[in-house]
Structure formats: structure tokens, C-alpha cells
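Worksheet for the structure shown next.
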Protein chains: 2
Amino acid sequence: MKPLPLIEVYNCLCDETRLRIVHLLERSPLCVCHLQDILGLSQVAVSKHLAYLRQRDLVQVERQGQWMVYSLPASRPRELDWQLRCLQDCLSTHPIFRTDLRKLKARLAGCCPPASPQKFSAKGK
Amino acid sequence: MKPLPLIEVYNCLCDETRLRIVHLLERSPLCVCHLQDILGLSQVAVSKHLAYLRQRDLVQVERQGQWMVYSLPASRPRELDWQLRCLQDCLSTHPIFRTDLRKLKARLAGCCPPASPQKFSAKGK
DNA sequence: AGGGAATATACCTCAATGGGTATATAATGC
DNA sequence: GCATTATATACCCATTGAGGTATATTCCCT
């Protein structure tokens, strides 16, 4: 039997890597390789955490060319919404998460590869 | 190395039993046997979940005679506070948690054993 | 002191999970 | 079609956690 939605959310966020991923995706959709780069983790590790989040509907994916662009779902269930606010409040000063955001900004600035646009408007194809 | 406080909180709440315990303790301090009764779980199971919560400072204990009375800490870290609000919002309509509260009320009403007073004022000793 | 109630802990087992390596799959560019 | 890039998945291994049984501990009462 499927556990409570809130428990699913907690299970997703109780791992540091997944917490960092969600924290990043709240700012911008990102492809796997950008996440990999920002987080400094192996491709497999990132991919598996994304699968975990995906299976529990905490993130959604869209293929853009050869990139898989992950983002938070457009319509966010109440449980997730609470947590996003909580992250803002509790993590914004933490070194790890500050660094992540700094790297994110750098990534998005000099975004040479066509990947992970800030908006999905450009029907990349 | 100790994980982030927020992650500790998530780890505590990502289990249904512990979530129910915290949800109950938010209403009233409780001894182990009352929790055991309300949750309908074995003594060992309850005790171990309480140990888990205790080790991560999500609950505190006070001995009252032969009962160990558990409660949420007086001063609640910000991370926990967010979650308590979230529980209120997301769980209050869920059958399991409604039933728990109903049983809690019953327990506290006909509280024959001297255990788990609503207030700690009565310095039982 | 001795018995009983309440609670914690030591093991044991099983399932889930996180990380890694190797490999499969899918899209791109030539 | 083929090599390359991006991503996912299949295993393998080590750790953790949840539940159970048996037992230790602590306190109360007589």
C-alpha cells in the first residue's frame, strides 16, 4: 500500500543530496549534467536520486534534445509547498546550499549548451 | 559527521509511526504505555521509535514514578516548528490521525493511572 | 527483600537504500 | 550508419532501519 503523500515527501527530502536537488530545482529547471556538475557527484548517483524523486512525483522531466530537463511540478501539492517554504527559511544560510546556488548562478549565466532554459517557452526542436 | 538538523527532522518524520507519535505529542505529553495503546503497536516498537526521536532531540523525556513521560521539547527549533504547522495542515483530515486524536481524547479523559498529566506542574514526587 | 509493572536494550532477520562499476538506451552530428 | 554525448538501469556491496523475542533495568507496593 502506498504511504501517505506527506511521508513520501519526507522520504524524498531526508537525504542530503535529494534535498540539494529540490532546493536547486526550485530556482530553475536543470538537466542532469548540470546537477551533476553543481552537486559534484557521479552521474549514476544523481540519476538515481532523480529517479527516486520522479517515482514519487516530486519532480517532472521533459526531454530537450539529448538532455533530460528536470523541474518541480507545475502544480505542487500542499505537502511539498510547505517544505519549499521551510527550505527557504532553514537552509538559505547554510554553506552547502549557498554554494549550490552560487554554482547554479554561474551555470545559468554562461549557459553554452542549449540545456535547461529558465523557461520552457523555447520549443527547442 | 552529524547531518543537518533539518535532515534529522525529516528522517524522524518519514516513518508513519513516528509521524503519528509526534502528532500526538503535539497535543499532550504521553507515557509509553498510552502511546502503545493509542497506536496499537508493541511496546518494543514504540520504545524504539521513541529512542530514535529522543536521540535526535525531537522529543524529551521525564520520569514520573514508574512512567516515562514523553513530550515535545519546550523550545522547538525552527525546523521542527515548520513541520508541526505542516502536520496540522496536511494530516488533520486523514483517518489514521483523526482516530489517533480521538483515542487520545478518550485516554486523557478517563485517565485513571497517574500518568501523563497535561501539565507538568504537579511535581509528582 | 520480593513481586510486578513500565520501559529500555541486545540480538536477529529482512527489506530498503545509497554508492559504485558496467552496460544499455536514446538523441546528435558527421 | 557510426561515434559521441547524455541518461538510465542492472547488479553488487555495505549500512540502516523496522519488527520481533528475550532479557535487563528501574520503580512501586507490600
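Quick note: numbers below take in every heavy atom, side chains included, and nothing from hydrogens, waters or symmetry partners. Model, not experiment: these values are computed from the prediction. Chain letters run A, B, ... following the sequence lines, proteins first, then strands; residues in each count from 1.
B/Arg56 has its CZ atom 10 Å from the C1' atom of D/dT16, to the nearest Å. Atom CD in B/Gln64 sits roughly 11 Å away from atom P in D/dC28 (whole-Å rounding). Taking atom CG on B/Leu53 and atom P on D/dG17, their separation rounds to 12 Å, with Å as the unit. To the nearest angstrom, P of C/dT7 lies 14 Å from CD of B/Glu62. The distance from atom CD1 of A/Ile7 to atom C1' of D/dG17 is 15 Å, rounded to the nearest whole Å. Taking atom OH of residue A/Tyr10 and atom P of nucleotide C/dA16, one finds them 23 Å apart after rounding to whole Å. In this entry the distance linking OH of A/Tyr52 with C1' of C/dT17 reads 8 Å, nearest Å. As rounded to whole Å, 16 Å separates atom P of C/dA5 from atom CG of B/Asp37.
The pair B/Asp81-B/Arg85 counts as a salt bridge, with a side-chain nitrogen and a carboxylate oxygen less than 4.0 angstrom apart.
Two residues, A/Asn11 and A/Ala45, neighbour DNA chain C, and the one matched to the more 5' nucleotide by heavy-atom proximity is A/Asn11.
A cation-pi geometry, defined here as NZ or CZ lying under 6.0 Å from the six-membered ring centre and within 45° of its normal, holds between B/Arg56 and B/Tyr52.
Of the side-chain N and O atoms in B/Arg18, one or more sit less than 4.0 angstrom from OP1 or OP2 of D/dA18. Contact check, B/His49 against D/dG19: a side-chain N or O comes under 4.0 Å of OP1 or OP2.
Checked by atom type and distance alone, the side chain of A/Ser47 never pairs as donor or acceptor with a backbone atom of A/Gln43 at under 3.5 Å. Side chain of A/Asp37 to main chain of A/Cys33: no donor-acceptor pair is present (N/O by atom type, distance under 3.5 Å, no hydrogens or angles). Remark: the backbone N or O of B/Val22 is not paired with any side-chain donor or acceptor of B/Arg20 at under 3.5 angstrom. Between the B/Arg18 side chain and the B/Cys12 main chain, a donor and an acceptor come within less than 3.5 Å of each other.
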For nucleotides 6-8 of chain D, list the nitrogen or oxygen atoms of the protein found under 3.5 Å from its nitrogen or oxygen atoms, one pair per line.
residue, atom, partner, partner atom, Å
D/dA6, O3', A/Gln66, O, 3.4
D/dT7, OP1, A/Val32, N, 3.3
D/dT7, OP1, A/Met68, N, 3.1
D/dT7, OP2, A/Cys33, N, 2.7
D/dA8, OP1, A/Tyr70, OH, 2.4
D/dA8, OP2, A/Ser47, OG, 2.7
D/dA8, N7, A/Gln43, NE2, 2.7
D/dA8, N6, A/Gln43, OE1, 3.2

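Taking the six-membered ring for Trp and thresholds of 30 and 60 degrees, B/Tyr10 and A/Tyr10 have ring planes inclined between 30 and 60 degrees apart.
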